[in-house]
Peer 1: 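Let me begin by handing over the structure; questions about it come next.
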Amino acid sequence: MANFALTLPNLSRKIFIYPSKPTSVFTNSTGILCSNRFPTMNFCSKSESVSASSSTYQVPQQDPNEIDRIAEQTLQRYSSKAKRNGKGTAIVWFRNDLRVLDNEALYKAWVSSETVLPVYCVDPRLFGTTYYFGFPKTGALRAQFLIESLADLRKNLVKRGLNLLVQQGKPEEILPSLARAFGAHTVYAQKETCAEELNVERLVSKHLQEVELPTPSEKSNSPRISNNPKLKLIWGTTMYHIDDLPFDASSLPDVYTQFRKSVEAKCEVRGCIKIPTSLGPPPSIVDWECLPSVEQLGLPLNNVNKGMKFVGGESAALSRVYEYFWKKNLLKVYKDTRNGMLGPDYSTKFSPWLASGSLSPRFLHEEVMRYEKERQANSSTYWVLFELIWRDYFRFLSVKYGNSLFHLGGPRKVEHAWSQDKNLFQSWRDGRTGYPLIDANMKELSTTGFMSNRGRQIVCSFLVRDMGIDWRMGAEWFETCLLDYDPCSNYGNWTYGSGVGNDPREDRYFSIPKQAQTYDPEGEYVAYWLPQLGAMPKDKRNFPGSLYINQIVPLKFGTTNRNRTRDKSPVARRANYGREAKGNRR
Ligand SMILES: Cc1cc2nc3c(=O)[nH]c(=O)nc-3n(C[C@H](O)[C@H](O)[C@H](O)COP(=O)(O)OP(=O)(O)OC[C@H]3O[C@@H](n4cnc5c(N)ncnc54)[C@H](O)[C@@H]3O)c2cc1C
Ligand SMILES: Nc1ncnc2c1ncn2[C@@H]1O[C@H](COP(=O)(O)OP(=O)(O)OP(=O)(O)O)[C@@H](O)[C@H]1O
């Protein structure tokens, strides 16, 4: 095997000048998340680590040594004694699959080579602006989470005899250049499904085809390469593999329940890919490059000082699974608690790690099976899988519906007169609507990068139905802020909640009084995020009247009281206004 001490082409200290995007129409009143351009940067300056203060709950709630220990034990359970039989060098291009456990691209790169070069490209487009409204494409909290995820991936690769090369720039420029420098025969990566990512895949593939092969005189000094390197894309984001579906993605059922019943009856979830404990030797690289800091990505350092602080990376993800399933034994009550809003334990909180690929949904499936065998099986243990099938469903829908998922009329091309009223939108975004339940949820989102599923459905309904605002403004703001942002789940849920999704039966209104009464009856959640409400009697916190800021719009169905006769308590009277969401779909 050729083993050259290579100094890399100087790709990682480029300065990017962006083509001008639509100017950011909205500035955030809190001043956060506004700057999104790469400054001239040097990734090697020291990055300040974000530490959770005592008023935050760290997720998972374990110290770093404990996190490492649990992760290592889990990874050991999934290690294999496989033998490799390949030649030369293969590159593994990490994207939204920032993990070792059940990483098929990493495994295939290892099997097919004598040396693997793991690479992550910090793509400047991820730090540009959102498509229509010019918000930061990645907010500071998700950027911090990403950096932590990369640091952890590097650590876990180093433990297995490799490393992670972090390069700043576009994958279509970096990967061909590295392939040539290292004589790589293949670039392995996880397949994506939305237009922006597909475009990058196309460009990487095209530029790999154009890699100039070394001239005979160069050949004696550089690694062997006689054919153009290939891009091999591997499916890996879902619990059910796309190739195992009982239908073609283009004929996916439009109703979730039909999809779920069909896959549950006809498909098996594949087992996790096991990875050898030693993946070396690494290519000989002088400088593997430091990780960028949040400021170097052009974003303000934004410490989480309240609510949940998620720790990025596979080690933290595996520890959270251990904590939620085994240590706290919460899986058995998930279905009863999952609609909560306050604290780390009402739901799994797996989504940020699933979105960055630090956690494999197939691993979760295996853990649920193990729990059912070793502890108990009930509707709660099943319900986590039920929710993961929703996640799969939105991913497959993106294959079926392509860009219409991002368009105003959605997959059904619904025509509707939406407003883009800037003041209304800003009051929603900044948590100043006069409705405590909306304001508390929006404050949680901007402070922590997370919001419960219940909260997301309520604020979505309020924005599109009570305010009549273009749903894409809400979806793009979520794209900026969410730690668990995933184009398929985000735009899938927004189109669904706005009545433009593929399933025409779902067109629901969430009555705020009713939601407050059911999910925050004592006003604990709103008082946590809006402390000024804490001094009020519990039943007034969600309905403070003139003691809180003015309501920016009336509720769409706030004046009819069709359900009043059902429950005559004062809270319920307010709560029963209007046409309400029926049943808890999820
Ligand atoms: C308007 C809106 C936008 C959303 N945007 C995103 C997003 O960008 N990324 C994202 O991962 N989820 C999104 N969701 C789905 C859901 O709110 C989050 O997945 C969930 O709140 C994450 O918390 P958890 O991990 O504790 O979930 P749990 O209740 O513990 O569920 C377990 C897992 O199931 C999956 N899941 C649960 N509900 C859904 C759902 N409705 N759609 C898809 N997957 C689901 C998630 O992967 C989650 O981690 C959105 C929902 C709405 C209503
Ligand atoms: N991963 C992603 N995250 C967010 N948005 C995405 C992603 N992939 C694609 N999109 C959105 O999909 C749309 C694709 O736009 P594009 O110009 O490529 O195609 P289009 O169908 O002609 O759209 P348009 O008519 O709005 O220009 C844009 O709205 C873009 O923001």
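FYI, side chains are in, hydrogens and waters are out, and symmetry mates aren't considered; it's all heavy atoms of this structure. None of these values were measured; they are calculated from a predicted model. Numbering of ligands and ligand atoms starts at 1, following listing order.
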Peer 1: I need the atoms of ligand 1 closer than 4.0 Å to a non-hydrogen atom of R456, numbered in the order shown.
Peer 2: 2 (C), 4 (C), 5 (N), 6 (C), 7 (C), 12 (N), 13 (C), 14 (N), 17 (O), 18 (C), 21 (O), 50 (C), 51 (C), 52 (C), 53 (C)

Peer 1: List every atom of ligand 1 that sits less than 4.0 Å from any heavy atom of Y485, numbering the atoms from 1 in the order shown and giving each element.
Peer 2: 8 (O)

Peer 1: Check whether any N or O atom of D484, backbone or side chain, sits under 3.5 Å from an N or O atom of ligand 1, and answer yes or no.
Peer 2: yes

Peer 1: Quick one: are the ring centres of W93 and Y188 less than 6.0 Å apart?
Peer 2: no

Peer 1: Under 6.0 Å between the ring centres of F386 and W383?
Peer 2: yes

Peer 1: Taking the six-membered ring for Trp, are Y496 and W390 ring centroids under 6.0 Å apart?
Peer 2: yes

Peer 1: Any idea which heavy atoms bring S398 and C194 closest together, and the distance?
Peer 2: CB-SG, 4.1 Å

Peer 1: I'd like to check the side chain to side chain donor-acceptor pair (under 3.5 Å) partners of S351; sequence neighbours left out, ordered by chain and number.
Peer 2: D484

Peer 1: If you draw the axis of the six-membered ring of Y525, does the NZ or CZ of R454 fall within 45° of it and under 6.0 Å from the ring centre?
Peer 2: no

Peer 1: Pick one of side chain, backbone, both or neither for how E387 approaches ligand 1, counting any non-hydrogen atom pair under 4.0 Å.
Peer 2: both

Peer 1: So that I know where these two stand, are F310 and F450 an aromatic pair - ring centroids less than 6.0 Å apart?
Peer 2: yes

Peer 1: Any ion pair linking D345 and R320 (charged N to carboxylate O, less than 4.0 Å)?
Peer 2: yes

Peer 1: Between S351, G340, S489, flag the one that comes closest to atom 25 (O) of ligand 1 by a heavy atom.
Peer 2: S351

Peer 1: Would one find an N or O of S452, backbone or side chain, under 3.5 Å from an N or O of ligand 1?
Peer 2: no

Peer 1: Flag the pair F259 / Y393 as yes when their ring centroid distance falls below 6.0 Å, and as no otherwise.
Peer 2: yes

Peer 1: Atoms of ligand 1 less than 4.0 Å from L482 heavy atoms?
Peer 2: 5 (N), 7 (C), 8 (O)

Peer 1: Suppose we call two aromatic rings close when their centres sit under 6.0 Å apart. Are W326 and Y371 close by that rule?
Peer 2: yes

Peer 1: List every atom of ligand 1 that sits less than 4.0 Å from any heavy atom of Q457, numbering the atoms from 1 in the order shown and giving each element.
Peer 2: 53 (C)

Peer 1: What's the verdict on ring-ring contact (aromatic ring centres under 6.0 Å, His included) for F462 and Y435, showing C-alpha distance, side-chain angles and the deciding distance?
Peer 2: CA-CA 10 Å; F462 181 78; Y435 292 93; 5.2 Å; yes

Peer 1: Out of curiosity, is Y334 lining ligand 1, as in a heavy atom under 4.0 Å away?
Peer 2: yes

Peer 1: With a 6.0 Å cut-off on the ring centroids, do W353 and F350 count as close?
Peer 2: no

Peer 1: For ligand 2, what is the set of protein residues having any non-hydrogen atom at a distance below 4.0 Å?
Peer 2: Y131, Y132, K137, C194, A195, E196, E197, N403, F406, H407, E479, Y485, P487

Peer 1: Would you check whether F450 reaches within less than 4.0 Å of ligand 1, judged by its heavy atoms?
Peer 2: yes

Peer 1: Does the separation of the ring centres of F557 and Y509 fall below 6.0 angstrom?
Peer 2: yes

Peer 1: Below 3.5 angstrom, do we get any N/O pair linking K349 and ligand 1?
Peer 2: yes

Peer 1: Enumerate the atoms of ligand 1 whose separation from the nearest heavy atom of F394 is less than 4.0 angstrom.
Peer 2: 42 (N), 43 (C)

Peer 1: By number and element, which atoms of ligand 1 are closer than 4.0 Å to a non-hydrogen atom of L354?
Peer 2: 47 (O), 49 (O)

Peer 1: May I ask you to check whether S347 has an N/O atom sitting below 3.5 Å from an N/O atom of ligand 1?
Peer 2: yes

Peer 1: Which of the atoms in ligand 1, numbered in the order shown and given with their element, are less than 4.0 Å from a heavy-atom of T348?
Peer 2: 24 (P), 25 (O), 26 (O), 28 (P), 30 (O), 32 (C)

